[in-house]
Amino acid sequence: MKKVFLISLFLVSWYLAGFFHAAHIMVLAAAETMLFLAMYLLSWYLRSRVQLSAESLQNLRLHTEKDALCSVTVENTGVLPVTKVLLKWNWGYRRNQTASKKMKRDKNCRRRKESRSISLDAKEALLLKLLARAELCGLLDVTIKKAYLWDYLGLFRRRFAQKTSIEIAVLPPKHVLRICLEGSSAAEEETERELFQIREYQQGDRARDIAWKQSVRSDNLFVKEYREISDACSELFLDLAGCDEYEPEKISAFYQVLYGVVAGLLAVGRSLRVCWRCENNTLQSARISSEREIDLLLCRLYREEDRFNGLTAGDEAACAKGFCLDLELNLFYGKKRVAIFEAEKLSEQLAQTVYIGEGFDEK
């Protein structure tokens, strides 16, 4: 509206100057012309001096009903201030792009829009926190679709940045499931040993550790002394059959349970090998031995969600080897269900203790 008014005033000034041949009106019209030209050139100058940058991947720990703040930097490298900058962005979860029509009607599957206006002083870099509500675990996609600035009179608008996409990995809360391993098999509890040294026999040493070759060469008995290598490793198979048919809330709950189970096994001193099947029934795996590797595993699963579509059945052979977690939030150990989780009660259930062993009876 402002632009239309000023252009109308500009045209009227030139018309009156030509009609009345008035010098002062002519000067006014010339000044307006110079002003328009100056604002036009200024808009291009400001456009060349304002830059937008952001990290392509950012991590966030999930907190229910909290806002995700996506970090974006807008910098003015010029010597003139910028009075108006407008950013428009939309956001939504990455899984929504391939969701079925039924799923897209869900409120959590809709992309939402936000906008924000700012101003920049000369040589100023401003760190902005763009709003995107993180309600579920998953890969949150924030897309800055429009980034505009204006001259001082608001006559000319310039786009100073191309479409920018930012991914936020919304990770589960740090709820660690307490796991008590009882009566586990000898194969699982056995630790590897490596030869540490050969020394003279002492009373109490086991006969099977005698180093017969060294003993025959001398008059004394020698034994092999071993050093244990603590490398107890469990296996966890993820049954992702029918992933595309589950609601976003269920998938989010699955990731929270997964974090709790893996963190719980690490807490009892066991490294973990996590396996799952993708499209074409190909088996994928990841070795987990630290908290950081849990986060990396979750980010990998977030990115591969599209490859889980079409899986129709679990892998019974893989489930029988150790732990198995399915999308119904059932945790199995050796084909025996040891825990059942509910999406509405996850915080309480993940704070409990799961007992696993020969004497366990499902309740």
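Along the sequence shown, residues are numbered consecutively beginning with 1. All values derive from a computational prediction rather than experimental measurement.
- Counting only N and O atoms by type, the side chains of S117 and K84 include no donor and acceptor under 3.5 Å apart.
- Checked by atom type and distance alone, the side chain of S252 pairs as donor or acceptor with a backbone atom of C137 at under 3.5 Å.
- Side-chain heavy-atom separations under 4.5 angstrom define the hydrophobic clusters, and the remaining members of the one that includes L86 are Y148, W150.
- With side-chain heavy atoms closer than 4.5 Å counting as contact, directly or through intermediates, M34 stands alone and belongs to no larger hydrophobic cluster.
- Nearest heavy-atom pair, W89 versus I144, reported as atom, atom and distance to 0.1 Å: CB-CA, 3.9 Å.
- Counting only distance, with no hydrogens or angles, the side chain of D205 and the backbone of Q202 share a donor-acceptor pair below 3.5 Å.
- Heavy atoms from other residues, nucleotides or ligands lying under 6.0 Å from NZ of K88 number 12 at most.
- Scanning both residues, E167 and R303, for their nearest heavy atoms gives OE1-NH2, 2.8 Å.
- For the residue pair R111/N90, the side-chain donor-acceptor check at 3.5 Å is satisfied.
- To the nearest 0.5 Å, atoms CG (L301) and CG (L296) are separated by 11.0 Å.
- Of the possible donor and acceptor atoms, none in the side chain of T73 sits under 3.5 Å from a partner among the backbone N and O of S71.
- In the hydrophobic clustering, V176 connects to no other residue, as no ILVMFWY side-chain heavy atoms lie under 4.5 Å from its own.
- In terms of the ring-ring contact (aromatic ring centres under 6.0 Å, His included) criterion, residue partners of F156 (sequence neighbours excluded) are, by chain and number, Y40.
- The only member of V262, L238, L236 that meets side-chain contact (heavy atoms from CB on, under 4.5 Å) when paired with F323 is L236.
- Using a distance-only test at 3.5 Å, with no hydrogens or angles considered, a donor-acceptor pair links the side chain of S218 to the main chain of N220.
- In summary, R292 and D295 do not engage in a salt bridge, as defined by a charged side-chain N under 4.0 Å from a carboxylate O.
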Run the ring pair (Phe, Tyr, Trp, His ring centres under 6.0 Å) check on Y255 and Y302 step by step: do they pass?
CA-CA 9 Å; Y255 287 129; Y302 292 166; 4.8 Å; yes
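- In this view, F36 and F10 satisfy the ring-ring contact (aromatic ring centres under 6.0 Å, His included) rule, not counting sequence neighbours.
- A distance of 11.5 Å separates CG of L258 from CG of L177, quoted to the nearest 0.5 Å.
- Proximity of a side-chain donor or acceptor of K123 to a complementary backbone N or O of T77 within less than 3.5 Å is detected.
- Remark: the backbone N or O of E124 is not paired with any side-chain donor or acceptor of D121 at under 3.5 angstrom.
- Atom CZ in F222 sits 9.0 Å away from atom CD1 in I198 (nearest 0.5 Å).
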Where do L325 and V257 land on the side-chain contact (heavy atoms from CB on, under 4.5 Å) test, with the steps shown first?
CA-CA 9 Å; L325 179 65; V257 174; 3.8 Å; yes
Derivation of the side-chain contact (heavy atoms from CB on, under 4.5 Å) call for F254 and K250
CA-CA 6 Å; F254 170 80; K250 196 76 170 183; over 6 Å; no
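- Both L272 and V268 are members of a single hydrophobic cluster when ILVMFWY side chains are connected at heavy-atom separations under 4.5 Å.
- Judged purely by distance below 3.5 Å, without hydrogens or angles, the side chains of S43 and R158 pair a donor atom with an acceptor atom.
- R178 places a side-chain N or O within 3.5 Å of a backbone atom of A351 that can act as its donor or acceptor partner.
- Atom CD of Q284 has more than 12 neighbouring heavy atoms from other residues, nucleotides or ligands inside a 6.0 Å radius.
- In this structure, V27 shares a hydrophobic cluster with no other residue, the cluster being traced through Ile, Leu, Val, Met, Phe, Trp and Tyr side chains under 4.5 angstrom apart.
- At least one donor-acceptor pair under 3.5 Å links the side chain of S215 to the backbone N or O of A211.
- At a cut-off of 3.5 Å, with distance as the only test, a side-chain donor of S289 or E293 sits close to an acceptor on the other residue.
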